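Source: prediction; values computed, not measured. Only this structure's heavy atoms are used, side chains among them; waters, hydrogens and symmetry mates stay out. In what follows, chains carry the letters A, B, and so on, assigned in the order in which the sequence lines appear, proteins first and then strands, with residues in each chain numbered from 1.
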4 protein chains.
Amino acid sequence: MGGIRARRKAERPGEILEAAFEEFVLKGFAATRLEDVAARAGVTKGTIYFYFESKETLFASTVRELSKPTHAALAEEESDRSADIQAYLQAYLNRLYRFIVDDQRSREILRLLIAEAGRFPELVDEHCRACMDPVIERLRVRLQDETAHGRIRPVSLPEAAEVVLGPALALNILLLMFANRRPLDAEKFIAAHLDLVLHGLLPGS
Amino acid sequence: MGGIRARRKAERPGEILEAAFEEFVLKGFAATRLEDVAARAGVTKGTIYFYFESKETLFASTVRELSKPTHAALAEEESDRSADIQAYLQAYLNRLYRFIVDDQRSREILRLLIAEAGRFPELVDEHCRACMDPVIERLRVRLQDETAHGRIRPVSLPEAAEVVLGPALALNILLLMFANRRPLDAEKFIAAHLDLVLHGLLPGS
Amino acid sequence: MGGIRARRKAERPGEILEAAFEEFVLKGFAATRLEDVAARAGVTKGTIYFYFESKETLFASTVRELSKPTHAALAEEESDRSADIQAYLQAYLNRLYRFIVDDQRSREILRLLIAEAGRFPELVDEHCRACMDPVIERLRVRLQDETAHGRIRPVSLPEAAEVVLGPALALNILLLMFANRRPLDAEKFIAAHLDLVLHGLLPGS
Amino acid sequence: MGGIRARRKAERPGEILEAAFEEFVLKGFAATRLEDVAARAGVTKGTIYFYFESKETLFASTVRELSKPTHAALAEEESDRSADIQAYLQAYLNRLYRFIVDDQRSREILRLLIAEAGRFPELVDEHCRACMDPVIERLRVRLQDETAHGRIRPVSLPEAAEVVLGPALALNILLLMFANRRPLDAEKFIAAHLDLVLHGLLPGS
DNA sequence: TATGAATGAGCTTTCATTCAT
DNA sequence: GATGAATGAAAGCTCATTCAT
């Protein structure tokens, strides 16, 4: 008594969030039917309302809850802070791209946020504060440090950090828009990104 | 013959598309009510169906029709093909950013396409073929030519072209997501973009 | 001038009625769209309203106008009134069945009347007065005459006349209901009808 | 447990079908408003869709469900199979006419089927297989048997069976078309039917 | 005469939400 | 806790009808 049953109960909200996420990703906020979410979670419509106030609350909870792993992962200290900027950037970008290329879930969260930015502005802000800002900020700090020591050319900050990360966000968007309909060689893209960011286009400038 | 009525008639579809665009941008596809579109266009619901088959058709027509000016503008030959790569890129990026920073309409079209990519994949493809591909392609050709003459470092194509343009797309997305809630110094971003792309981070590499 | 054009004009109402009939038969009163009628008649919706007050008027006019040929044909004196009852009945039923078996149009009019009897009761009455009553009445008169002269068994009138004609109406209905989905050997049916009506089931009774 | 709510719940679909039937009979399929059905059943529009997929499904279910009593009654063995053909036919036709004359409901079902035969052909077929065919078939078998033993004149089958039943179907239609606007002496009609079928018109033929 | 753009009431259908059980 | 029958407020869409041209 209270064994598997209790565990199932405790997992209910999580199962509903999983189901909701899949449906929201598939159809968007407005076109998602709570009935489908319920069916996918193996409960009934009423149960959703036991755990969540409304469809909007469910959406917000879904985004918040399912971005947590990404937040956590992005928050981890990257391996080698003492490496030179070249090695650092390489590791940094590689890590970032893992989320973009391999983690469809975090990509879909971004899509939801872009799509529903009008309806959930505070959610967008929250997500960016938790997820994008630290990533940019850490790069900004590093670039500032490198500049101060004259190890890289002087750059305008924080814009340069945003520019450096720009292509990653762009790839994210391209992958979202074309699903699998267009060939995008992610590995070559990443290599080209690193190369360009380090050396620029001009030879020995 | 052809008095005020005829003039109004000829303008009806355009007025409806204009109204539809504003509503779609505000609410997204699913949440937009045709009644609101009609009211905004100064007609009744029935009139919309006189000109457009369905809500989906109206959406597709809206995106297609309202992207035409952007397509046309992007298709124009950029001023100075004979300039060196530095001047060329500067002009090229400046032009591109005009669409991104100044033209809210084309930015909103992009948001609609990202948001509804699942429901209108062919529309996404169409728009990219008409709007993004030529821009990338022209840059790719130029970079190839520059590489062939040894005027820039050898780069992997077409990825390098996509990477070069990446920050522009990224800025686009950031502007979309934050509307006016965050300060984004576009001019500095553009300058940093051009600088980075030309010279890279490393000094005199 | 005024040749083919004038003739076309004079034929307009008739062409509309033809088109309306085909649509009403296909879809029934409520489900028929005036726009389809107009298209079939080669005119526009507005033109229908020039000739007919409303959809209901059009329906009534269609039934009235298109039953006229049937009325006329049924009103004609049947060939041989001086023949004996056997020959008379044979000719009589054969004529009647021509309308039922061969004339899909008059069959469809009947369907329309049955289907819309609730909405157009006066139309039903009118049609029956013009189309069914005279047929029954003529038979009733003949049977009365035959009875009076003792040439047939004494029968209850007018019921007997209605019973004699009953199978014809029944075949009409069966053809309506099954379109061509069921095999119905009309010729054998007619022969059996005549045989039964003349001799009954019992042998030499 | 299972209080008033549970009892009502179990009866809901039946109440809706009952209400739907009355509306369909009154207005026909296309002109019936689901709102009226709901109001008549004492529920709201939404409730109908909880139990039935669509208006078409509701119509088909209505016809199917409400014909069941008739099917069942017609399927019962008629009382006296050992009686001679005359007594048998009398009992047989009397039973049949009970459905036609007394049972307005089954008459209205027939009207619905004739009216909507174009839209619901499979429903027509189904109804006839369940409702008309067995009646005809039983008579055919009996007539065949009688013929084999020489107890009735040789007749062409199955046409003769259909002809024998024809006047009953015809009366059905007449009652449908004229509601109560015309005097139709059903009892005399039935008597005349039986008399004619047994003896025919000709004396001592 | 004839057109066809425009209307607007009304249709079927959907679905977030509630609440008695 | 959980259910699911029921609601009711829309939503998308249709179409008979009108009327300026």
Just jot down the side chain to side chain contact (heavy atoms under 4.5 Å, CB included) partners of [X], sequence neighbours excluded, or say none.
X         : value
Arg181(B) : Pro121(A), Val124(A), Asp125(A), Phe178(B), Ala179(B)
Thr44(B)  : Thr47(B)
Arg64(A)  : Ala60(A), Leu123(A), Glu126(A)

Phe29(D): partners by ring-ring contact (aromatic ring centres under 6.0 Å, His included), with sequence neighbours left out =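 Partners of Phe29(D) under the ring-ring contact (aromatic ring centres under 6.0 Å, His included) test: Phe24(D), Phe59(D), Phe120(D).
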
request  = Quick one: list whatever passes ring-ring contact (aromatic ring centres under 6.0 Å, His included) with Phe52(D), sequence neighbours left out.
outcome  =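 Per chain and number, Phe52(D) pairs via ring-ring contact (aromatic ring centres under 6.0 Å, His included) with no residue.
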
Return the value, rounded to whole Å, for the distance between atom [atom1] of [X] and atom [atom2] of [N].
X        : N       : atom1 : atom2 : result
Leu58(D) : dC11(E) : CG    : C1'   : 15 Å
Lys27(A) : dT14(E) : NZ    : P     : 13 Å
Ile16(C) : dT1(E)  : CD1   : P     : 12 Å
Arg12(D) : dG4(F)  : CZ    : C1'   : 13 Å

task = Verify the distance criterion only: is there a donor paired with an acceptor across the side chains of Thr57(B) and Ser54(B) at less than 3.5 Å?
result =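 Yes, because at least one side-chain N or O of Thr57(B) sits under 3.5 Å from a partner of the opposite role on Ser54(B).
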
message = With nearest nucleotide decided by heavy atoms, which residue, Thr44(A) or Phe50(A), maps closer to the 5′ end of DNA chain F?
response =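 Going by which nucleotide is closer to the 5' end, it is Phe50(A).
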
key: Residues forming a salt bridge (Lys or Arg N to Asp or Glu O under 4.0 Å) with Lys27(C), sequence neighbours excluded   =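 Only Glu23(C), Asp36(C) meet the salt bridge (Lys or Arg N to Asp or Glu O under 4.0 Å) criterion with Lys27(C).
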
query = Does any pair with a residue in residues 109-122 of chain C pass salt bridge (Lys or Arg N to Asp or Glu O under 4.0 Å), and if so which ones, sequence neighbours excluded?
reply =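 For residues 109-122 of chain C, and leaving out neighbouring residues, the salt bridge (Lys or Arg N to Asp or Glu O under 4.0 Å) pairs sorted by first residue read Glu56(C)-Arg119(C), Glu108(C)-Arg111(C).
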
task = Dot-bracket for DNA chain F, please, read 5' to 3', with Watson-Crick or G-U wobble pairs under 3.5 Å on both distances, ( ) within the strand, [ ] crossing, | other strand, . unpaired.
result = .||||||||||||||||||||

ask   = For dG1(F), does either OP1 or OP2 sit under 4.0 Å from a side-chain N or O belonging to Tyr51(A)?
value =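 False: Tyr51(A) side-chain N/O out of range (4.0 Å or more) of dG1(F) OP1/OP2.
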
key: nucleotides 13-18 of chain F: protein proximity per nucleotide (B base, S sugar-phosphate only, - neither; heavy atom, under 4.0 Å)   = BBSBBB

